[in-house]
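Working notes, structure below.
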Amino acid sequence: MSNIRDLAQYSPGGIEEKWYKAWEADGLFAPDETLPGEPFVITLPPPNVTGILHMGHCLGNSIQDTLIRWARMKGRPALWVPGTDHASIATEQVVSRKMAEEGLNKREAGREAFLERAWDWKELTHGRISQQIRRLGCSLDWDREAFTMDEQRNRAVIEAFVRLKEKGLIYRDVYLVNWCPHDLTAISDDEVEHKEVEGSLWYMRYPFAEGEGHVTVATTRPETLFGDTAVAVHPEDPERKHLIGKMVKLPFTDRIIPIIGDHHADPEKGTGFVKITPAHDPNDFEVGRRNNLEQVICMTPSAVMNEKAGRFEGLERYECREAVVKALEEEGLLEKIEKHVHQVGHHDRCGHVIEPYLSKQWFLKMDELAQPAVKAVEDGEITLFPERWVGVYHNWMRNIRDWCISRQLWWGHRIPVWYCAECDHDMAGSEAPLRCAACGCENLKQDEDVLDTWFSSWLWTFSPLGWPEKTPDLQKYHPTTVMVTAADIIFFWVARMVMASYEFLGEKPFGEVLFTGIVRDEQGRKMSKSLGNSPDPIDLIDEFGADALRCSLVMLTPTGADILFSDATLEVGRNFCNKIFQATKLVLGVWDEAGLQIPSDRPAPPRTLDLGEVGTAQQWDAEPAACLARLWAGVFGGDLPVPVQDEDLTLEDRWILGRLLQAAADSDANMEKRRLNDAAYEVFNFFRHDFCDWYLEAVKPRFRDQEMRGVALCVAQLNLALSYKLLHPVMPFITEELWSALPASQGYLMTSSYPTSSVAAPFAAERETFSAVQEIVGVVRNLRNELGVQPGKRGTAILRPADQQGLDNLLGCAGLVALLAKMEEVQVVTGGDDPSPAGVGVAGQVEVFLPMKGLVDLDKERARLEKELAKLEGWMKGCRAKLGNEKFVSNAPDHVVQQQKDLLAENEGKAATLRERLAALSD
RNA sequence: GGGCGAUUAGCUCAGCUGGCUAGAGCGCUCGCCUCACACGCGAGAGGUCACUGGUUCGAGUCCAGUAUCGCCCACCA
């Protein structure tokens with residue numbers, strides 16, 4: 001970026017595309033198999049090909065890319081496998097809707113035509129989605145891209161189905177399933193969303209078949225009475241058990257049904273009598289099985305009453321409900337109506353009320369599959385983060401129910417089962433069999449239905465790696481390292497992936513699961529397409545840049561909590577990008593003026609960078625120049641462009657190097673702990689506050705000095721370079737761009753080293769001195785502001801340390817204090833009378849005077865001092881009480897006690913100064 | 001009905017193993033276009049850490065309970 005000095009502000013436009021293309025063209029997204037480290041592998045949770053990506057995807061993808069880039073830089077073969085999900089029912093709905101908009105009907109068009117449309121749609125959305133992912137900067141290995149319904153994945157699905165069927169875990173049964181009358185398909189338990197609904201409880205009378213009287217049953221669904229085949233009472237119900245065996249007449253029909261005894265009936269609930277509708281209620285279905293009751297279906301698949309409803313035939317279920325209630329009332333069979341709030345199941349995809357419906361479906365037995373999956377999490381073989389999800393996971397696993405895997409849809413993996421037209425024998429396989437294995441006839445027909453979309457997703461850690469073939473990828477990269485996903489699909493997906501991997505490969509699918517929060521808008525609503533409150537990430541990237549978006553998302557994402565998202569949060573990231581840019585601009589400008597030369601034939605820097613090998617704290621302290629040279633070689637390769645002696649390294653140089661190495665170590669430690677937000681914040685704060693606000697301000701005079709600037713430039717450039725390295729996983733584009741602009745850099749930042757460290761940061765003494773300087777500068781600035789000194793007015797500040805050691809430390813810092821506090825002169829004195837009139841403050845053990853030549857408003861100054869003194873005294877009172885408490889002194893660790901003593905002494909000194917000052921002012 | 005989470009400055013949230021005179025960003029107030037940056041710099045104001053008890057020398061941090069909000073699970077009498 002030769003024009004870096006010409007740009008007023010950082011602008012990501014163009015830069016992002018440029019680098020993404022370059023990375024891809026140079027093959028940097030593929031795992032570098034020459035690296036010795038342990039592979040780091042993620043399979044991207046495949047987005048649905050239903051539309052475009054939303055903010056939730058951006059969050060998850062940013063986190064994954066951050067992890068992958070970090071691991072890659074640390075020298076591990078890093079593989080991130082892209083893919084998309086066919087999303088059976090969701091896509092089918094979208095495509096049907098599109099067709100409806102054109103006046104077409106899915107069923108009239110037919111299966112083939114519909115599938116053609118669906119594939120077209122898939123092509124379109126896939127293109128859009130992969131474009132979005134690229135814009136975000138995700139370093140996915142596109143050569144390994146997979147689609148849950150492509151040929152390879154189809155083979156995997158069929159293989160899985162056939163194996164499970166042969167094992168006897170897949171069975172077909174007539175069962176009461178969750179049926180969506182809108183989409184006309186069965187769905188799994190997990191796709192049912194329970195919502196609270198204000199309904200009513202209707203008390204209906206069923207007259208005895210013989211004689212007078214009736215029983216009263218309470219129901220929330222009067223329309224299902226046409227499916228009733230019994231009334232149940234508890235077998236030990238003393239009030240009612242004598243009625244068992246009697247018959248009652250079902251209103252509006254000519255049927256009579258028995259009163260039976262079944263423990264499902266609760267004497268305490270309702271009237272104690274329960275109508276039993278085996279074909280329309282899950283409990284009643286069980287009761288019916290236990291008691292061999294007839295199953296009477298009284299609705300069509302669309303939830304319209306059928307011929308069993310007599311004169312109510314043809315009414316939609318809710319119309320029928322009203323009509324039945326009215327009719328009951330007219331006939332005196334309605335005893336009462338109560339308001340009743342209850343949970344009603346809705347289809348999570350279309351929102352329609354689920355109808356429990358009797359139909360023949362394929363199921364997968366789950367309890368056996370769940371065993372190893374439970375054990376893996378119990379044993380810590382797989383860790384879930386945040387940990388609280390472990391309980392949720394186990395609770396589901398231990399109460400697992402069989403999975404209904406067939407769907408009455410077209411878009412999906414067609415169930416690989418063929419039925420014999422003669423004997424109804426069924427055969428599973430990857431291809432159509434020639435003849436029936438049972439009777440030999442050749443009239444075979446494939447199942448019309450498709451598999452639940454999650455039946456392909458649950459293979460996702462290994463199907464993209466080539467399973468069922470034993471590919472090299474599968475051997476090298478499975479189990480994967482980490483799965484990053486939102487917790488709302490822990491059952492649909494995460495739990496099932498664990499089961500599938502143990503079942504088919506005998507090993508875990510991943511070592512850890514990282515649950516992200518849900519992205520919400522400013523009102524706290526979940527961002528969703530239906531609400532229309534999710535911005536198009538492309539628009540945000542256009543406006544703020546991908547780095548800004550990623551940076552804001554990662555910094556805002558605490559450990560798995562939901563995050564509120566708004567444009568304001570993006571400004572943080574954008575502004576930070578500009579800050580990095582500006583700091584670089586300053587350093588490069590000075591570099592150019594200095595005309596320092598970097599030899600072009602220097603060696604390349606090593607692929608890994610262990611800061612501990614560069615120097616321990618002791619080595620840095622003893623021979624800083626040598627350590628600096630090693631750090632330079634580790635980051636840039638080759639030698640420092642200027643000779644550096646130990647004494648060339650100033651206080652601020654040593655301080656910033658110490659802080660830099662500390663930030664690097666902390667940042668990596670936080671990445672290891674998956675506290676990405678802390679890692680990002682660490683560098684953010686280091687760069688913005690330590691490096692820009694203090695270091696760059698402190699070295700500006702040296703930057704203007706021909707003799708001095710060489711060393712400062714080297715230190716500054718190292719700080720920039722290491723900051724880029726630390727920030728690259730989160731903000732890949734701007735860091736790559738600025739890295740390439742550094743005179744000393746070589747190669748791609750993306751595949752350069754990420755610093756690691758296990759040693760303490762150096763320059764402890766210098767860091768202490770510098771923070772004393774910071775405190776003094778703070779006090780001077782505060783005095784200037786509080787006393788209303790004009791900004792342009794540079795006066796004299798007088799520092800009076802408490803002791804000789806303080807004096808020695810400070811003598812060399814006077815210039816630095818003057819520079820940073822914008823004073824003409826800073827004097828360091830011992831003893832003597834207080835300068836007066838002057839503003840007074842205390843920084844640690846140092847008294848700070850700002851002589852004001854009669855300009856001070858005495859009342860204002862007194863008030864200021866009193867306020868400060870009061871605050872101090874309040875604290876000291878508490879502290880003395882603590883130190884006076886024998887138990888504290890004997891029980892608390894020594895360093896804590898000592899720390900309190902030191903603080904007290906310091907504050908007592910401060911208070912004394914303030915009191916003296918107050919007394920002087922009162923004279 | 002069962003379970004989980006949240007409750008800290010006006011707003012959004014950090015605060016990981018108890019030692020904090022409780023932090024950040026945004027917003028607000030005051031002063032600055034200081035030769036990298038107004039997407040900026042400097043200085044401030046602002047909090048009984050939801051409530052009640054307990055453990056402890058010491059609790060925002062641990063325990064018990066209460067309240068409010070949110071989420072998940074559960075067979076819709």
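Reminder, nothing fancy here: chain letters follow the sequence lines and each chain counts from 1.
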Any A:Arg401 side-chain N or O less than 4.0 Å from OP1/OP2 of B:C75 = yes
Base, sugar-phosphate, or nothing for A:Lys275, non-hydrogen atoms under 4.0 angstrom?
-> nothing
B:G42 C1' sits how many Å from A:Gln774 CD, rounded?
-> 14 Å
For A:Asn685, report the nucleic acid contact type (base, sugar-phosphate, nothing); a contact means any heavy atom under 4.0 Å.
-> nothing
Which value, in whole Å, describes the distance between the C1' atoms of nucleotides B:C33 and B:C41?
-> 10 Å
Euclidean distance, atom CG of residue A:Asp678 to atom C1' of B:G25 [Å, nearest integer] = 15 Å
Looking at every strand, decide which applies to A:Arg864 at a 4.0 Å heavy-atom threshold: base, sugar-phosphate, or nothing.
-> nothing
Donor-acceptor pair under 3.5 Å, A:Asn395 side chain vs B:G3 base = no
What stems involve RNA chain B, if each pair must be Watson-Crick or G-U and both of its distances must be under 3.5 Å, with 3 or more such pairs in a row?
-> B:1-7 with B:67-73, B:10-13 with B:23-26, B:28-32 with B:40-44, B:50-54 with B:62-66
NA contact type, A:Lys871, heavy-atom cut-off 4.0 Å: base, sugar-phosphate, or nothing?
-> nothing
Between A:Phe273 and A:Tyr206, is the gap from one ring center to the other below 6.0 Å?
-> no
Using a cut-off of 6.0 Å, state whether more than 12 heavy atoms not belonging to A:Asp902 lie near its atom CG.
-> yes
Taking B:C4, B:C41, B:G25 as options, the one with an atom nearest any side-chain atom of A:Asp693 is B:C41
